[in-house]
Asks: 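Pasting a structure below so you can have a look.
Heavy-atom basis, side chains included; hydrogens, waters and symmetry copies ignored. Ligands are counted one by one from 1 in listed order, and the atoms in each one are counted from 1 as well.
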Amino acid sequence: MAFYVQKYGGTSVGSAERIKNVARRVARFHADNHQIVVVVSAMSGETNRLIALAKEIQNNPDPRELDVMVSTGEQVSIALLAMALKALNVKAKSYTGPQVKILTDSAHTKARILNIDADKILADLNDGYVVIVAGFQGMDQYGSITTLGRGGSDTTGVALAAALHADECQIYTDVDGIYTTDPRVVPEARRLNSITFEEMLEMASLGSKVLQIRSVEFAGKYKVKLRVLSSFEDEGPGTLITFEENENMEQAVISGIAFNKDEAKITVLGVPDHPGIAYQILGPVADAGIDVDMIIQNVGHDDLTDFSFTVHRNDFDNTIRIIKEKIQPHIGARDVIGGDKIAKVSIVGVGMRSHAGIASKMFRILAEEGINIQMITTSEIKVSVVVDEKYMELAVRVLHKAFDLEQAL
Ligand code: ADP
Ligand code: ASP
Ligand code: MG
């Protein structure tokens, strides 16, 4: 007998038929005497629909009320799944996040889980129930409903697995595991049997939305055994996120390629090249609660330099405004330019630690395709470049091939 937390994503519960399909899978596990907590997302498209509806009322919907609203998507799914299980004569009970006391901070629309009260769920499990919990939501200390950010049901799943000491957290989705890159963009992408936690963390933070980054962080912090599997196929090992590199691991230098179009680039031209300039530019940006990702400062020339950085696309207009109004007049920068038609493409792999020349190979492959690199950042296990967004898919495909990530024939 094992104890599993199983999370089913939006597509996997996207219709009544698919919910019945999930119920049949859960019923099989239950019949095999496993204890099961199920976390479900809203039916596919529902969260987007609700957000769009809110925007018809308010351009920038009030975050507290938006959370009250979007959390309803998951509430529908839990009830439907409980009904489907009961129709199969499986004892099941559904709960919203606040009902099982998923306590979060008060950062509406991107709240963090602080605590989960396991007692109620454990009592139901001991009574033989399948417990179904709404993903993506919780409650803050003031009793307000909160949500955990897009893709947040993954985090609910892993956090529950940690709090309840489950044997494994299984993320069921519409692909049968973690691939070398998004299989919808590169059909030749290959499923990995395992990926290290560190690599998964990089992949998630660099744009692979298959797992919400916070779910990976949780898995790392509490050493949750985490697996990604298909909800549409009955067989298959999926991909296990491992905490140690061992000899059985696939020994590729690069494990995966991540990409995203979430960022925008801003360049402050002709700024005085003296101490404190980076702080003067980025201080007010940080004060406005805007996260900065990549940063480049050129070598100074004639006491002037150019300073570039990236922010989330949603923060682009606001950042340009802050720089033009609050910073440019003070520091006397010549101009502020920017663009949001950029994409970040990253190669990730723990093998980079022991292999030289990976970054230069990446740059050569892109040069051969005539793709101009606008910015670069590296860390121990990743290299990221910013390119024009129109070259994103081409860049991913040629890198995928050049680093031998394709399906073994
Ligand atoms: P769910 O609704 O189940 O949470 P998501 O859409 O959030 O599903 O995540 C699954 C999707 O992630 C896949 O359909 C795939 O297109 C995308 N994806 C991006 N990168 C990867 C990757 N490296 N491996 C697998 N899937 C990926
Ligand atoms: N329904 C939420 C979303 O679409 C949470 C999730 O699916 O994980 O982002
Ligand atoms: Mg998801």
Side-chain angles (χ1 to χ4, degrees), residues 6-15 18 22 38-52 66-67 69-78 96-97 109-111 133-138 146-160 169-195 199-216 227-232 236 238-239 241 254-262 345-349 392-393 396 399-400 405:
Q6 301 188 330
K7 177 261 170 176
Y8 292 89
T11 318
S12 308
V13 296
S15 65
R18 288 189 173 169
V22 169
V38 187
V39 172
V40 278
S41 293
M43 296 169 79
S44 55
E46 182 61 6
T47 309
N48 288 345
R49 188 186 73 81
L50 291 168
I51 293 171
L66 188 63
D67 277 353
M69 186 181 181
V70 293
S71 62
T72 60
E74 272 69 14
Q75 189 167 342
V76 170
S77 303
I78 55 170
T96 65
T109 75
K110 46 176 187 287
V133 180
F136 179 54
Q137 55 180 259
T146 53
T147 64
L148 310 178
R150 300 306 305 268
S153 299
D154 297 330
T155 302
T156 307
V158 179
L160 276 168
C169 181
Q170 302 175 330
I171 305 283
Y172 286 94
T173 184
D174 54 7
V175 284
D176 63 351
I178 309 285
Y179 278 66
T180 46
T181 192
D182 189 337
R184 295 186 204 288
V185 172
V186 181
E188 295 79 19
R190 183 168 46 87
R191 185 183 58 78
L192 300 163
N193 282 321
S194 62
I195 181 166
E199 288 169 328
M200 194 61 238
L201 204 57
E202 288 283 10
M203 291 283 281
S205 77
L206 296 169
S208 298
K209 296 192 175 92
V210 59
L211 286 176
Q212 195 197 35
I213 178 149
R214 284 191 190 159
S215 72
V216 187
R227 195 186 292 277
V228 176
L229 310 119
S230 166
S231 66
F232 300 127
T239 302
I241 291 55
I254 300 303
S255 297
I257 302 180
F259 52 88
N260 76 52
K261 290 185 188 172
D262 295 344
V345 176
S346 311
I347 55 175
V348 175
M392 184 182 82
E393 291 187 15
V396 175
L399 290 170
H400 194 268
L405 294 176

Asks: Hey, does Y179 come in under 3.5 Å of ligand 1, counting only N/O atoms on both sides?
Replies: yes

Asks: Please tell me whether T146 and D67 have a donor and an acceptor in their side chains that are separated by less than 3.5 angstrom.
Replies: no

Asks: Side chains of M203 and M200: does their closest heavy-atom pair fall under 4.5 Å?
Replies: yes

Asks: Residue-level breakdown please: for V175 versus ligand 1, do any non-hydrogen atoms fall below 4.0 Å on the side chain, on the backbone, on both, or on neither?
Replies: side chain

Asks: Using a 4.0 Å heavy-atom cut-off, say whether T181 meets ligand 1 through its side chain, its backbone, both or neither.
Replies: backbone

Asks: For atom 17 (C) of ligand 1, which protein heavy atom lies nearest, and how many Å away is it?
Replies: D182 OD2, 3.7 Å

Asks: Do any N/O atoms on P183 end up under 3.5 angstrom from N/O atoms on ligand 1?
Replies: no

Asks: Are any of the N or O atoms of G151 closer than 3.5 Å to those of ligand 2?
Replies: yes

Asks: Are E202 and S346 packed together at the side-chain level, in the sense that at least one heavy-atom pair is separated by less than 4.5 angstrom?
Replies: no

Asks: Using the rule side chain to side chain donor-acceptor pair (under 3.5 Å), only one of H400, R190, E188, R191 pairs with T180; which is it?
Replies: H400

Asks: Report the C-alpha separation of R184 and D174 in whole Å, then their side-chain angles, then the decisive distance to 0.1 Å, and conclude whether the salt bridge (Lys or Arg N to Asp or Glu O under 4.0 Å) test is met.
Replies: CA-CA 11 Å; R184 295 186 204 288; D174 54 7; 3.2 Å; yes

Asks: With a cut-off of 4.0 Å, which atoms of ligand 1 are near a heavy atom of I178?
Replies: 24 (N)

Asks: For K7, which part has a heavy atom under 4.0 Å from ligand 1: side chain, backbone, both, or neither?
Replies: side chain

Asks: Between T11 and F232, is there a side-chain heavy-atom distance shorter than 4.5 Å?
Replies: yes

Asks: Run the numbers for me: atoms of ligand 1, each under 4.0 Å from some heavy atom of K209, listed by number.
Replies: 7 (O), 9 (O)

Asks: Is E74 in contact with ligand 2, taking contact as a heavy-atom separation below 4.0 Å?
Replies: yes

Asks: With nothing but distance in play, are any N or O atoms of S153 less than 3.5 Å from an N or O of ligand 2?
Replies: yes

Asks: Less than 4.5 Å apart, side chain to side chain, heavy atoms only: is that true for R150 and N48?
Replies: yes

Asks: In this structure, does ligand 1 have an atom that sits under 4.0 Å from one of the heavy atoms of G256?
Replies: no

Asks: Return a yes/no value: protein heavy atom under 4.0 Å from atom 6 (O) of ligand 1?
Replies: no

Asks: What protein heavy atom sits nearest atom 2 (O) of ligand 1, and how far off is it?
Replies: G10 N, 3.1 Å

Asks: Is any side-chain heavy atom of F259 closer than 4.5 Å to one of V185?
Replies: yes

Asks: G152 near ligand 2, heavy-atom distance under 4.0 Å?
Replies: yes

Asks: Could you check atom 7 (O) of ligand 2 against the protein and tell me its nearest heavy-atom contact, residue, atom and distance included?
Replies: S41 OG, 3.1 Å

Asks: Answer whether the closest heavy-atom distance between the side chains of K7 and T156 falls below 4.5 Å.
Replies: no

Asks: What's the shortest distance from atom 4 (O) of ligand 2 to any protein heavy atom, and which residue and atom give it?
Replies: R150 NH2, 2.9 Å

Asks: Just go through V210, D174, T11, V348 and tell me whose heavy atom is the nearest to atom 13 (C) of ligand 1.
Replies: D174

Asks: Ligand 1 and T173, any nitrogen or oxygen pair closer than 3.5 angstrom?
Replies: yes

Asks: So S41 and E46, do their side chains get closer than 4.5 Å, heavy atoms only?
Replies: no

Asks: For G177, is the nearest heavy atom under 4.0 Å from an atom of ligand 1?
Replies: yes

Asks: Consider side-chain contact (heavy atoms from CB on, under 4.5 Å). Of T181, I257, L206, which one does I347 pass it with?
Replies: I257

Asks: Could you check whether any side-chain heavy atom of I195 comes within less than 4.5 Å of a side-chain heavy atom of I241, counting everything from C-beta outward?
Replies: yes

